[in-house]
2 protein chains.
Amino acid sequence: MDLDERKKRILESIIKDYVETAEPVGSRAVVKKHDLKISPATVRNEMADLEEMGFLEQPHTSAGRIPSEQGFRYFVDWMMEKEHLSDNEMEMLQKVLTDNNHEWHEIAQSIGNFLAQATSYTSFVIVPAITLSDFKYIQLVPVDANRALVLMVTEPGVIMHRKIEVPDKVSTEDLDQLSKTFTHVLGGKKPGEVRRSDLSLLRDRLRQKKQIIDRVLDVIDNLLDNSAGEKVVVSGALNILNEPEFKDIEKIKRVLAILEEDERLRHIIPDQINEDVNIRIGKENEVEDIKEMSLVFAGYKTLGEMGKIGLIGPVRMEYWKAAGSVESVRSIVEDVIKRS
Amino acid sequence: MDLDERKKRILESIIKDYVETAEPVGSRAVVKKHDLKISPATVRNEMADLEEMGFLEQPHTSAGRIPSEQGFRYFVDWMMEKEHLSDNEMEMLQKVLTDNNHEWHEIAQSIGNFLAQATSYTSFVIVPAITLSDFKYIQLVPVDANRALVLMVTEPGVIMHRKIEVPDKVSTEDLDQLSKTFTHVLGGKKPGEVRRSDLSLLRDRLRQKKQIIDRVLDVIDNLLDNSAGEKVVVSGALNILNEPEFKDIEKIKRVLAILEEDERLRHIIPDQINEDVNIRIGKENEVEDIKEMSLVFAGYKTLGEMGKIGLIGPVRMEYWKAAGSVESVRSIVEDVIKRS
DNA sequence: AGTTAGCACTCTCCGGGGGCGAGTGCTAAC
DNA sequence: GTTAGCACTCGCCCCCGGAGAGTGCTAACT
């Protein structure tokens, strides 16, 4: 894929202009804005070439040109330099993340908010399923006379809890005893691995406390069902309302509906990704309703599965900024995870 | 406030029609739709009267009438019958709430989702600050060699936790001992009441474990700062996109921006409310950006402060449905709280 | 051979004018 | 007090024409 230097210059000019203004760019504007030493007529010839190659298109005969999706693709692949976050911004994010040693979904929310704010696009953070991490610890804690809390800690330090009812006569010592047994049998296993054999083993060992055990097992089952999946956090969804391409309410509805429903959002990101920043432009996306948007995303390493983080914006996107920001945030997030 | 029977009939017809179609209602339509035994001309006279009284208005000379905000107010105060949820719907909600014995914000989310779905408006659920409930229980649970979990349970059964670092040499027994002391000193107190005196008492008693205590106190401080406020959950925000009065993007942006930011949303609901369903129509609202919307809300009793639950919709709202649904949901929610 | 000026052409955008239809208010009759 | 009839008003929609922006082509220039 080689374009001569001048064509690249022109393509770049058109992309930068179009991304900024959302209007077709004319030959005259290209010359003026970027101080090229050639005439509009020459630019017109070059633009005709670029159009023939598929990098530009004309909304109608007498308008300027806009970059095609293929044009953006060429730019992204061969010409773009990622614009990372400034030191200042990096510090800010780091500060936010170390200040709040809260629950995972608050952290994810902070990251998402930051990314959305920094780029003015819509961000998403996908926190991987806990299913694949190991149980480390199961503790029963009394809450009041006839209720207890089942507290579960898994390997990367994710904490889950549920309340259960217990018979009046159970003492704190009994609960401790139970906790030890649970931890012993289930500790080190992934929730997905815990199955029939372990459970019946437990039942045997603790036959006399059957009622409580059943409740705890119910809770574990319940957790497997309910929070087995990845969690999705979306921020800055309203940013898309600022893009001039979204002046049609139906279009807005379609896109916001996806962003609102975790299940659908999850489907638009590929399952298998690595740590590199990945860009999907418009129709490169497979899901119908997102074919007029672009995605910029990357995976981040956790102790378990890969997490995912990224941006959703119009095809007319500042890819350099988006890709740089995602990359910067990814590296900070991985740092924070490593240190926690 | 007395209108004769015929005027009421006509006002009601116009309101029902207008709410359904979002278009001005003509005299002819009123007669046809509701089988009145009078002619359009008579209706026109009555409508002119109603307009003079301020209950109707004309978008322009040659259009039909639409109800004024005052007209809606009269209807709501004197004529409307609340339309409660069906038995079927009540059961559904009850099932959802008892199935999920999860954390408060999941429950609030379920309630909100249900209300939004049932009415096609945007719902909000405000969960009162935990600040005002009593500490019941503080427990330190070891997580690994040098980390522990601070687990706090407050009276209505709200559970909060944070990780802290502890020195290597601290044993589980030490932690238990600390837990007992914390619980003893702080138990029964509201987080807001816990202050200097208690903390120094703690420090005195447990001088030798100073490091851990400081960490725990930091955590408590942190919780007071971070989760002291009420929590707000919004559902079905996208429903407003379906209302024909929102075809202007700027308007949508203004309203969605409020719904997205908890802080601002909190300000549009009065602080002091009771369990009755309360309706604010259009300009009756004090916050500028919400003056073109209506609110239907009620308080629900918890063990601590009142919680709030309600709907946001256009002025052209099905108040009967909205008020009935809010009332039904409120009663179910209070039931569930009482039983938990 | 590549570059440039000149020019006719195309197409969108915008504002004005006219016809249509819905609904009113008024008047006069019942 | 109610109703039919009718002239009138006003928004909506469509069409038309001019202005402006930008192109493609041709022919001249370097």
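Remember, predicted model here, so these are calculated numbers, not experimental data.
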Legend entry - Base partner of C/dT4, which must satisfy Watson-Crick or wobble distances under 3.5 Å: D/dA27
Legend entry - Nucleotide forming a Watson-Crick or wobble pair with C/dC30, both distances under 3.5 Å: D/dG1
Inset, instruction - Report yes or no: is the cationic atom of B/Lys8 (NZ for Lys, CZ for Arg) closer than 6.0 Å to the six-membered ring centre of B/Trp78, at no more than 45° off its axis? - result: no
Inset, instruction - Classify every nucleotide of nucleotides 14-29 of chain D by which part a protein heavy atom approaches to under 4.0 Å, writing B for the base, S for the sugar-phosphate alone and - for neither, in 5'-to-3' order. - result: -------BSBB-----
Inset, instruction - Sequence neighbours left out, what passes ring-ring contact (aromatic ring centres under 6.0 Å, His included) with A/Phe124? Give chain and number order. - result: none
Inset, instruction - Rounded to the nearest angstrom, tell me the gap between atom CD in A/Glu23 and atom P in C/dC11. - result: 20 Å
Inset, instruction - Tell me whether the OP1 or OP2 atom of C/dT4 has a side-chain N or O from A/Thr42 closer than 4.0 Å. - result: yes
Legend entry - Along DNA chain D (nearest heavy atom to each residue), the more 5'-positioned of B/Ile38 and B/His60: B/Ile38
Inset, instruction - Could you check how far CD of A/Glu57 sits from P of C/dC11, rounded to whole Å? - result: 17 Å
Legend entry - Exceeds 12 heavy-atom contacts within 6.0 angstrom, atom CD of B/Gln117: no
Inset, instruction - Could you check which nucleotide pairs with D/dT9 in any of the strands shown, counting Watson-Crick or G-U wobble with both distances under 3.5 Å? - result: C/dA22
Legend entry - CG (A/Asp77) with more than 12 external heavy atoms under 6.0 Å: yes
Legend entry - B/Tyr319-B/Phe72 aromatic ring centre distance below 6.0 Å: yes
Legend entry - Rounded interatomic separation in angstrom, taking NZ from B/Lys7 and P from D/dG1: 10 Å
Inset, instruction - Mark yes or no: B/Lys251 above the aromatic ring of B/Phe246, with NZ or CZ under 6.0 Å from the six-membered ring centre and no more than 45 degrees from the axis. - result: yes
